[in-house]
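The next block holds one structure in the form of structure tokens; read it before the comments.
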Amino acid sequence: MVAVPRLFYERPPEVVAPELLGKLLVSRVGRAVMAGRIVEVEAYLGPHHATPDAAAHSHRGPTARNRVLFGPAGHAYVYSIYGQYFCMNVNCEPEGQAGCVLLRALEPLDGVEAMARRRGIAMDGSLKALRGLTSGPSRLCMALGIERAAHNGLDLTDVDSRLAIVDDGFDRGDVQVTARIGINPANAAVDWPLRFCLAESEFVSGPRLGARVAARRSKNVVAI
DNA sequence: AGGCCGATCCTCT
DNA sequence: GAGGATCGGCCTA
């Protein structure tokens, strides 16, 4: 079990994103340890990119909110959204450049009971209940106790950190690529193929596997 | 299963 | 002053 090194993150987010699939996000809050496998991510490109990504928080340059994105790679960028939720990104690219990867879903592995308490979901042994814990960018933050005040700017490359990403040697298998979720349709970047999922995972956000198979034929799946 | 809606407040213009 | 990288509840079918 080794932390993913900083060099891994010092690359463009569209390269880092699919390689993050299968890695583990580990969170320690007090005595509780909660961990899940990353099964769904999205890349957001920095303003230095040839065609600017207008959906990215960094695209108008540094602000008070997004300054972590312009710092060194391998740090957490946590922001609040809709007044009640948080989302977590991993900062990529060398210092000064602002690409990042949004974590959108995990497969819960360790500390499931603690996650269930935080989410207010009763574990009845069903896949549905387990999925509900971490199948969404803000759901996974709630489940792992991730919030802006405590976690924004933390270094994820130290296994002893309160928040870290580690590699357990898992073979990620096939990766599915689609457009990103929740992007304003007026945005020029709305169709860019920057969402990456583990094709076989039951823990991706949104419709279940059966429905996704049907959706492949008609919808926004760019490649499998 | 899919669509609509309100909650709720931070961030940037 | 406007809008958002969301979620959960409620509706129809």
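The figures here come from the full heavy-atom set of this structure, side chains too, leaving out hydrogens, waters and symmetry mates. For clarity, every value in this text was computed on a predicted model and none was experimentally measured. Chain naming here is simple, since letters A, B, ... match the order of the sequence lines and numbering starts at 1 in each.
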Inset, instruction - Rounded to the nearest angstrom, tell me the gap between atom CZ in A:R139 and atom P in C:dA5. - result: 18 Å

Inset, instruction - Identify all stems in which DNA chain B takes part, counting only runs of at least 3 consecutive pairs (Watson-Crick or G-U wobble, each distance under 3.5 Å), and give each as one range with another, ordered by first number. - result: B:1-7 with C:6-12, B:9-12 with C:1-4

Legend entry - Nucleotide C:dA5, atom P - distance to CG of A:N187 in whole Å: 9 Å

Legend entry - side-chain N/O A:N184 vs C:dG3 OP1/OP2, d < 4.0 Å: no

Inset, instruction - Assess A:R37 against A:F170: is NZ or CZ under 6.0 Å from the centre of the six-membered ring, and within 45 degrees of the ring's axis? - result: yes

Legend entry - Nearest to side-chain heavy atoms of A:N89, which nucleotide of C:dA5, C:dG4, C:dG8: C:dA5

Inset, instruction - Report yes or no: does A:R162 contribute a side-chain atom to a donor-acceptor pair with the main-chain N or O of A:A150 at less than 3.5 Å? - result: yes

Inset, instruction - Identify the two heavy atoms, one from A:C87 and one from A:I81, that lie closest to each other, and give their separation to 0.1 Å. - result: SG-CG2, 4.1 Å

Legend entry - Donor-acceptor side-chain pairing of A:T63 and A:R67 below 3.5 angstrom: no

Inset, instruction - Could you tell me whether a side-chain N or O of A:E42 sits under 3.5 Å from a main-chain N or O of A:V101, the two making a donor and an acceptor? - result: no

Inset, instruction - Answer yes or no: does a side-chain N or O of A:R119 lie under 4.0 Å from OP1 or OP2 of C:dC7? - result: no

Inset, instruction - Look at the aromatic rings of A:H57 and A:Y79 and report parallel, tilted or perpendicular, splitting at 30° and 60°. - result: perpendicular

Legend entry - Side chain A:N91, main chain A:V68, donor-acceptor under 3.5 Å: yes

Inset, instruction - Please state whether the phosphate of C:dA5, meaning OP1 or OP2, lies under 4.0 angstrom from any side-chain nitrogen or oxygen of A:R195. - result: no

Inset, instruction - Compute both the distance and the angle, then confirm whether A:R180 meets the cation-pi test with A:F196: under 6.0 Å from the six-membered ring centre, within 45 degrees of the axis. - result: no

Inset, instruction - For the pair A:E202 and A:R131, find out whether any cationic side-chain nitrogen is under 4.0 Å from an anionic carboxylate oxygen. - result: no

Inset, instruction - Mind calculating the distance between CZ (A:R180) and P (C:dT6) to the nearest angstrom? - result: 11 Å

Inset, instruction - Let me have a per-nucleotide readout for nucleotides 7-13 of chain B, 5' to 3', with B, S or -, counting only protein heavy atoms under 4.0 Å. - result: BBBSSSS

Inset, instruction - For A:H57 and C:dG3, give me the distance from atom NE2 to atom C1', rounded to whole Å. - result: 11 Å

